[in-house]
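Worksheet: one structure, shown below.
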Amino acid sequence: MTVDFSCEKCEASFEIDLGDLIEGSEHIKCPNCSTKATGSMGEDFSNALGELCKQMAAMRKKFGVSLALESDDLPPPYDLEEEEEEGEEKGEDEDLLDEVDEDEDEELEDDEEESY
């Protein structure tokens with residue numbers, strides 16, 4: 001079983017054996033551009049995978065489990081970073097809209113003064 005990765009920097013795809021990740025014998029590193037996960041990020045990911053496998057092994061006595069996760073489709077509250085980025089973008093757009101509204105208000109005031 002492998003875990004598939006896509007490098008955000010160079011967009012290269014690569015995979016690492018699940019057992020190697022859990023054991024910590026292989027680090028998460030892009031073979032194309034050498035971008036790598038920090039030590040604590042890789043260790044936390046390995047620990048989480050190990051715990052997930054442990055729980056799935058316990059559940060298989062009663063249930064078969066199949067799981068597919070993608071970092072772009074994480075459920076709340078794990079999708080907060082994406083929402084925060086969208087909020088920041090909306091904030092910038094709102095500022096631009098406010099500036100346009102102020103300019104329009106000034107033009108209307110000028111037009112009203114000229115019409116008297």
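With rounding to the nearest 0.5 angstrom, the CD atom of Glu70 is 9.5 Å from the CG atom of Asp4. Atom CD1 of Ile22 is separated from atom CD1 of Ile16 by 12.0 Å, given to the nearest 0.5 angstrom. Separating the CE atom in Met56 from the OG atom in Ser66 is a distance of 7.0 Å, to the nearest 0.5 Å. Distance check, rounded to the nearest 0.5 Å: CG of Asp20 to CD of Glu26 gives 5.5 Å.
Contact between Gly42 and Ala37 at its shortest, heavy atoms only, is N-CB, 4.3 Å.
By the side-chain hydrogen bond (donor to acceptor under 3.5 Å, both in side chains) test, Glu23 is found to be paired with no residue, residues two or more places apart in sequence or in another chain being considered. Residues meeting the side-chain contact (heavy atoms from CB on, under 4.5 Å) test with Lys36, sequence neighbours left out: Lys29.
Leu74 and Met41 are assigned to two separate hydrophobic clusters, defined by single-linkage of ILVMFWY side chains at heavy-atom distances under 4.5 Å. Cluster annotation: Leu52 is not connected to Met1 through the hydrophobic network of ILVMFWY side chains, with a link wherever side-chain heavy atoms come within less than 4.5 Å.
By the 4.5 Å heavy-atom criterion applied to side chains, Cys7 and Asn32 are not counted as neighbours. In this structure the side chain of Ile28 never reaches within 4.5 angstrom of the side chain of Val3, judged on heavy atoms.
Counting only distance, with no hydrogens or angles, the side chain of Ser46 and the backbone of Leu21 share a donor-acceptor pair below 3.5 Å.
Within the structure, every pair that satisfies the ring pair (Phe, Tyr, Trp, His ring centres under 6.0 Å) test and touches residues 9-67, not counting sequence neighbours, is listed here: Phe5-Phe14.
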